[in-house]
Amino acid sequence: MYDYVIVGAGIVGMAAAYHIRRLSPHSKVLVVDQNPGIGMGDTGRSAAAFRTAFTSWINRVLAKTSIDFYREVQRKGVDLGMRFVGYLFLVPEENAETMRKVAEELRTMGIAVEFYRKLDAPVRFRVSEDEEAREMGLPDVAFGLLVKEAGIMDPEKLVRYYYEEYTRLGGEVKFNTRVENIFFAPKRPLGIPGEPFVWQDVKVAGVETTNGVIEARNVILATGAWTERLMDALGFGLPLKPRKRQVFVVRADGELRRLLELGLADREYGPMFILPKGVYMRPEPGEGTFWVGVADRRPFRLEEPPEAEEALWRYGIYPVLTKYVPAVEGRVPQNAWAGHYDENVVDYQPIVDRLAEGLYVAAGTSGSGIMKADAIGRIAAYLALGYGKAELYGGVVVESNLLRHNRCFEEERLVI
């Protein structure tokens, strides 16, 4: 009998497992995952960028405490691939006033931002003179807004860090084990066949998997895009939906090399560019490439396995990208992959909650799971261990039920 079974060996599941073992060394903890290794779901398919710039106070707390923790881990000699290259938002005229207000909010919070009216780089601010751009409804860029406390990291190195620390503390892992159901037992068993009945109070008793039954007193679902399917099967209506995301890799040679080495926040490398219409370019200095994607609003769906679609590049990303960054003209991706976001469609912020006695969920990261995983993992650990308060890195203390599913937060306005 395990004290805790965590379903999902991605970044949130491994962070939660590590913090449970750290806080409760005597608890018997098991992580199960349907894949043959850690981080092989959506964690490994992430664009793996991070920022502390959010309009929602809780998102800022989750991101800042997590990023501060990662920075400290790297400072102590564990390479997480962190580089503070910054985010450069190319703000269209129509959003200029809103983003100026956001910039002032960020400055008030102590987050360094800078404005750029032009760049010494192959980026076009004025596209309205281009007939095709006008036909597409592409706006001119009013200014570039650089957020310095942001950057990129290696998700595989990060999840590996948590896995190694967790197993060093005695935690167990079962791979190639798919959870098919969560089963319950009556709190006061009567010894009657067929229990539990609808009139009995129940508690979690374990999980049914492709490798048999695993008994557990507590189960934590850190299942990302698969959470909706499990929640629906259990009868819990949470506002979580899987949204497919795709990344296309473009080699940064020629004029694009200048963009890769622009050096605004980081002295050596260019920032992550967020263009109008949701297209982004994320630098990958080690490869000499840009990872390109788009925050599109296509239908929610869970695709297994998710595949990158050449049509999205050709008809969705490329026409926009080449208007603002002409150096991309004529290029084709050298690689591509796809994954999912588990999106909280109400306020785009995570849910960490106790749904029934012994049943917990930590999901709904809405595309920012990497940058908030440590804080989410700590909150899940404290909540599952029965603490009323959770201490995040740096001594920040919050209520353990802060991220309950029926809370009332301001909606995040800076969504990518």
Side-chain angles (χ1 to χ4, degrees), residues 7-13 33-35 38-51 152 155-156 159 178-179 221-233 237-250 272-282 284 289-321 332-351 361-373 376 412 414-416:
V7 184
I11 188 60
V12 171
D33 196 282
Q34 62 185 346
N35 293 300
I38 56 169
M40 296 184 70
D42 293 331
T43 294
R45 298 184 179 101
S46 164
F50 63 85
R51 58 185 164 121
I152 57 175
E156 294 178 0
V159 74
R178 185 185 184 102
V179 170
L221 298 177
T223 40
W226 289 265
T227 307
E228 180 194 35
R229 178 185 293 173
L230 283 166
M231 290 293 95
D232 286 352
L238 298 184
L240 305 177
K241 295 285 184 181
R243 191 183 290 281
K244 185 177 175 181
R245 283 287 181 255
Q246 304 175 50
V247 175
F248 300 85
V249 180
V250 177
M272 177 163 168
F273 292 85
I274 294 88
L275 310 179
K277 302 298 182 181
V279 174
Y280 65 81
M281 298 176 64
R282 183 262 204 209
E284 182 45 55
T289 62
F290 279 104
W291 296 0
V292 183
V294 62
D296 60 313
R297 296 284 103 186
R298 295 189 303 163
F300 294 109
R301 62 172 173 160
L302 179 63
E303 184 178 304
E304 296 183 280
E307 300 287 346
E309 303 161 29
E310 193 270 342
L312 178 65
W313 166 262
R314 179 180 296 183
Y315 303 113
I317 295 173
Y318 183 81
V320 176
L321 185 58
V332 296
Q334 66 178 44
N335 191 17
W337 65 84
H340 299 95
Y341 289 171
D342 52 318
E343 192 165 294
N344 179 345
V345 297
V346 174
D347 61 19
Y348 304 102
Q349 294 168 81
I351 292 174
V361 63
T365 54
S366 303
S368 51
I370 296 290
M371 70 188 80
K372 300 173 190 169
I376 295 169
E412 176 59 50
L414 201 55
V415 178
I416 299 174

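Owing to the predicted nature of the structure, the values given are computational and were not obtained by experimental measurement.
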(request) Please test Val250 against Trp313 for side-chain contact (heavy atoms from CB on, under 4.5 Å), starting from the C-alpha separation and ending with a verdict. (result) CA-CA 11 Å; Val250 177; Trp313 166 262; 3.7 Å; yes
(message) Checking the side chain of Thr43 only, and the main-chain atoms of Ile11 only, is there a donor and an acceptor separated by less than 3.5 Å?
(response) yes
(request) Mark yes or no for whether Glu310, through its side chain, and Arg314, through its backbone, hold a donor-acceptor pair below 3.5 Å. (result) no
(request) Decide yes or no for Pro239 and Asn344: does some side-chain heavy atom of the first lie under 4.5 Å from some side-chain heavy atom of the second? (result) yes
(request) Verify side-chain contact (heavy atoms from CB on, under 4.5 Å) between Gln34 and Met40, making sure each step is shown before the conclusion. (result) CA-CA 9 Å; Gln34 62 185 346; Met40 296 184 70; over 6 Å; no
(message) Using modelled atom types and a 3.5 Å cut-off, is there a donor and acceptor pairing between side-chain atoms of Arg243 and backbone atoms of Arg298?
(response) yes
(message) If you compare all heavy atoms of Leu238 against all heavy atoms of Met231, which two are closest, and at what distance to 0.1 Å?
(response) CD1-SD, 3.5 Å
(message) Tell me if the NZ atom of Lys244 is crowded by more than 12 foreign heavy atoms within 6.0 Å.
(response) yes
(message) With side-chain contact (heavy atoms from CB on, under 4.5 Å) as the criterion, how do Tyr348 and Tyr341 come out once you've worked through the C-alpha distance, each side chain's angles and the decisive distance to 0.1 Å?
(response) CA-CA 11 Å; Tyr348 304 102; Tyr341 289 171; over 6 Å; no
(message) Using 0.5 Å steps for rounding, measure from the CZ atom of Arg178 to the CG atom of Asp33.
(response) 10.5 Å
(request) Hey, could you give me the CZ/CD distance between Phe248 and Glu309, rounded to the nearest 0.5 Å? (result) 7.5 Å
(message) I need the minimum non-hydrogen distance between Pro350 and Ile376, along with the two atoms involved.
(response) CG-CD1, 3.7 Å
(request) Compare every heavy atom of His340 with every heavy atom of Asp42, then report the nearest pair and how far apart it is. (result) OD1-N, 3.0 Å
(request) Rounded to the nearest 0.5 Å, what's the gap from CZ on Phe290 to CD on Glu284? Could you check? (result) 11.0 Å
(request) Using modelled atom types only, decide if a donor and an acceptor are shared between the side chain of Asp342 and the backbone of Gly364 within a distance under 3.5 Å. (result) yes
(request) Would you sort out whether Thr223 and Arg229 count as a side-chain contact (heavy atoms from CB on, under 4.5 Å), showing the intermediate values? (result) CA-CA 10 Å; Thr223 40; Arg229 178 185 293 173; over 6 Å; no
(message) I need the minimum non-hydrogen distance between Ile370 and Pro155, along with the two atoms involved.
(response) CD1-CB, 3.8 Å
(request) Before accepting this row, confirm whether a basic side-chain N of the pair Arg297/Glu343 lies closer than 4.0 Å to the acidic partner's carboxylate O. (result) yes
(request) Please check if the side chain of Trp291 supplies one atom and the backbone of Val247 the other of a donor-acceptor pair under 3.5 Å. (result) no
(request) Could you grab the distance from atom CZ of Arg282 to atom CD1 of Ile152, nearest 0.5 Å is fine? (result) 4.5 Å
(message) Under a 3.5 Å threshold, yes or no: a donor from one side chain and an acceptor from the other, between Glu304 and Trp226?
(response) yes
(message) If you compare all heavy atoms of Ala338 against all heavy atoms of Ala308, which two are closest, and at what distance to 0.1 Å?
(response) CB-N, 3.7 Å
(message) Please find the pair of heavy atoms, one from Val159 and one from Ala9, that lie closest to each other, and give the distance.
(response) CG2-O, 4.0 Å
(request) Without swapping roles, check the side chain of Arg245 against the backbone of Asp296 for a donor-acceptor pair under 3.5 Å. (result) yes
